[in-house]
Amino acid sequence: MESEETVMRDKALKAWRFLYKRGFIEGFGHISARLPGRDQFLIARHALGPRAEAEDLVRMDLEGRKLAGRGDPPGEFPIHVEIYKVRPDVCSIIHYHGLYATAFTTSEHTLRPIHALGSIFGSKIPIHADPRLVRTPERGQA
């Protein structure tokens, strides 16, 4: 029988390949998955390409320490650490720098939903005011 970690690695790799193949990640995003029953998660290593393998998912703890895996975690891993700390209901996170999303978030104009699915945001789409990379626990908490 496969371990829970092996199953989570397989699922995270499948999601990574799906997103990469469709141009959502393009090497600069990252995906993570919480390991059930542990204060640990798997995260796609820095600069992971389309030929990802199980060891390319780095295992980390909620203190931001690398525990296993090939390569370095992405520089913005504090986003994942801080969300997992305060949201035990969150089991996976995808962070990417999509072309259109990045273009709109750097605009001085307020974004407004233009489709019924956007109604979950209310009258405007929330934007984090600080565009700098999230490389520290403090920035991850913000």
Side-chain angles (χ1 to χ4, degrees), residues 2-115 117-142:
E2 291 183 299
S3 72
E4 283 184 327
E5 182 171 339
T6 300
V7 171
M8 292 306 292
R9 281 182 185 279
D10 290 345
K11 288 180 177 183
L13 283 171
K14 185 182 285 186
W16 173 265
R17 291 178 186 128
F18 177 90
L19 294 167
Y20 196 95
K21 185 177 182 179
R22 286 156 181 81
F24 288 111
I25 299 233
E26 300 173 348
F28 294 105
H30 22 95
I31 184 172
S32 68
R34 185 191 300 266
L35 291 170
R38 296 194 241 174
D39 287 337
Q40 298 176 1
F41 63 97
L42 301 171
I43 188 167
R45 71 169 170 82
H46 173 72
L48 183 58
R51 295 188 178 157
E53 298 176 355
E55 284 301 308
D56 291 321
L57 294 174
V58 176
R59 184 166 28 100
M60 299 186 71
D61 66 16
L62 295 186
E63 298 304 315
R65 294 182 293 242
K66 176 184 170 182
L67 304 174
R70 177 173 49 212
D72 296 320
E76 291 191 287
F77 74 84
I79 295 169
H80 301 258
V81 169
E82 298 305 324
I83 291 172
Y84 287 135
K85 279 183 182 178
V86 299
R87 294 285 308 271
D89 59 314
V90 172
C91 297
S92 183
I93 299 166
I94 298 171
H95 175 171
Y96 80 104
H97 302 260
L99 175 64
Y100 300 111
T102 301
F104 280 114
T105 60
T106 58
S107 170
E108 63 188 37
H109 302 287
T110 301
L111 299 178
R112 290 185 172 75
I114 59 169
H115 188 276
L117 293 176
S119 66
I120 64 171
F121 297 111
S123 63
K124 68 177 191 173
I125 299 171
I127 301 293
H128 190 350
D130 188 345
R132 295 176 297 158
L133 295 177
V134 179
R135 296 184 180 264
T136 65
E138 296 76 22
R139 295 189 51 67
Q141 291 165 8

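From a predicted model like this one, the values you see are computed outputs, not experimental measurements. We use all heavy atoms of the structure for the numbers below, so side chains are in, but hydrogens, waters and symmetry mates are not.
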task: Would you please name every residue forming a side chain to side chain donor-acceptor pair (under 3.5 Å) with D39, sequence neighbours left out?
output: none
message: Once side chain to side chain donor-acceptor pair (under 3.5 Å) is applied, do any residues pair with E76, and if so which ones, sequence neighbours excluded?
response: H97
message: Both conditions, 6.0 Å and 45 degrees, for the charged tip of R22 above the ring of Y20: are they met here?
response: no
- prompt: Any side-chain heavy atom of M60 sitting closer than 4.5 Å to one from L67?
  reply: no
- request: State, yes or no, whether a side-chain contact exists between R59 and L35 at a heavy-atom distance under 4.5 Å.
  value: yes
task: Just grab all the ring pair (Phe, Tyr, Trp, His ring centres under 6.0 Å) pairs involving residues 58-80, residues at least two apart or on different chains.
output: H30-H80
- request: Using a strict cut-off of less than 4.0 Å between a Lys/Arg side-chain nitrogen and an Asp/Glu carboxylate oxygen, indicate whether E53 and R70 qualify as a salt bridge.
  value: yes
query: Should R38 and E5 count as an ion pair when the cut-off is N to O under 4.0 Å?
result: yes
For [Y], does its backbone N or O pair with a side-chain atom of [X] as donor and acceptor, under 3.5 Å?
X   : Y   : value
R45 : V58 : no
K85 : E63 : no
W16 : G49 : yes
R34 : V90 : yes
K66 : G69 : yes

